[in-house]
Amino acid sequence: MTRPFNLEFDNEFQYREIPGLDPSLVFPAVVVGIVGPAGAEDLLAIVDTGATYSLFNGKRARSIGLDLLAGKPIRLGGLSGSLSARLHRITLEILGAKIDCEVAFSESEIQRELLGRHELFPRVRFGFREGISSGYFHPEP
Amino acid sequence: MAIEQLQFAPVITPRTLEELARILRERERQDMADIVSDLVPVVERVVDELFRPIGELRAEHDFQPAFDAKAREFAPYRLYINLMLLQTIDASNFLRVYSDAILRLTMNLFRSADEKHLPAERIQASIEGYFSTFSSLVRALSASGVPQTPQRLEEVNLANWIRTSTNLDFALTSLFLILEDAIKTPPRPISERLMVAMEESLEDFADQCRILIRASEERVTSVASQTIRSRTPELEWLKNHRNALSEFAGNWIVIEGARLIANRPSYEAARQAALDAGIVRPFITFVPEPTEAAFMGL
């Protein structure tokens, strides 16, 4: 058994309601800036430790200067089926940190956007205290 | 590159140059008017070599290859003529003076549009689109107060920007020359192809300009935005309106500060509304239909 230890986090965030989902529930979600070669915009994404990729609506790609279909194609599967997406390298801005990483942009409409593990979780630290609906973020592993 | 030198004037025909010279004389700039008048024979030769063949087209399938080839040949002449004009006229004033000349001319020229089966409103809309797009670009790049070349040239695609603006100018100039009776009126399907080429080029050109503007603004704001905005007011707005969000279901909304800026059925329309409101980096979110189902990822 390991001895008790401490982990430091630079940021704390409160869980919040997500448009379209049951308003009595809150989720670990943060404002994410997606920065491409010719633009940037902000959105609300759910931190999803079960998702392999960070996933954003493909319509946003052009606005930040990306050619959606120029990205590497990928199929993403979930409980409700699968969808086609394209991988692009962008900069994510999360709670003051800038992280260059490969993310997926959907080719079809999606209801919600997610922060997933690929190239993101290995570079940062997320923590959760579900009991008090608080999340924690640190811009280092 | 001085931003003024980006101010390419569209539709330089012998007649528009004569109108420009007349305006300069009215403003007691005889020296400038003389230089502009001296350009008229050069432009007449360009019309003969590059535009007259467009008026003489008879088969619709010949249109696209001829248009592409002549527009490509037009690019260096367009550059030369514009540089000559920019050396003559105060660059900061150039596009405004020139748009005055064009707009004065169109009022007379459009009288013959119906008999030539050319829709004057669409031509007028494209001219206005060209000037307003160009003015937005010049305004945005001038306001940045930093060198005007974009940060990442390969992504901005200046070649595309030049090609689309040249194509737009070539189509517009052809239509003006038809209206001026300087070249023959082609059959109706070819005129319509010219109209479509003009409108599609304007769309592409406006896209390229938007990318240039965004690239510039993003660079300017990148230092200032090192402390990334928390978007707390926007999140508060969402929280305070959680019970009313169902009325936006299926739409994209733009929130800036504690204000709802746009509520649109498409992402593109919402994004455009944000840009129109002067928001370079918007907070845009989709509002799905409400569901009782628990969230389980995708």
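Every chain is numbered from 1, with letters handed out A, B, ... down the list of sequences. The figures that follow rest on heavy atoms only: side chains count, while hydrogens, waters and symmetry mates do not.
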Select one option (side chain, backbone, both, neither) describing which atoms of [X] are under 4.5 Å from chain B's heavy atoms.
X: A:Asp67; value: neither
X: A:Phe13; value: neither
X: A:Ile46; value: side chain

Should the heavy atoms of other residues, nucleotides or ligands under 6.0 Å from [atom1] of [X] be counted, would the total exceed 12?
X: A:Gln14; atom1: CD; value: yes
X: B:Arg259; atom1: CZ; value: no
X: A:Arg125; atom1: CZ; value: yes
X: A:Arg129; atom1: CZ; value: no

(Q) Within the 4.5 Å heavy-atom criterion, are B:Tyr267 and A:Ser63 side-chain neighbours or not? (A) yes
Q. Nearest heavy-atom pair of B:Pro288 and A:Pro19: which atoms, and what distance?
A. CD-O, 3.3 Å
Rounded to the nearest 0.5 Å, what separation is found between the [atom1] atom of [X] and the [atom2] atom of [Y]?
X: B:Phe283; Y: A:Leu44; atom1: CZ; atom2: CG; answer: 5.0 Å
X: B:Phe286; Y: A:Arg112; atom1: CZ; atom2: CZ; answer: 9.0 Å
X: A:Asp42; Y: B:Glu256; atom1: CG; atom2: CD; answer: 9.0 Å
X: A:Ile18; Y: B:Leu238; atom1: CD1; atom2: CG; answer: 9.0 Å

**Q.** A:Glu41: which of B:Arg281, B:Arg271, B:Arg231 passes salt bridge (charged side-chain N to carboxylate O under 4.0 Å, His left out)
**A.** B:Arg271
**Q.** Largest heavy-atom contact set with chain B, pairs under 4.5 Å, which of A:Arg16, A:Arg60, A:Glu113, A:Glu17
**A.** A:Arg60
Q. At a heavy-atom separation under 4.5 Å, does B:Ile284 approach chain A through its side chain, its backbone, both, or neither?
A. both
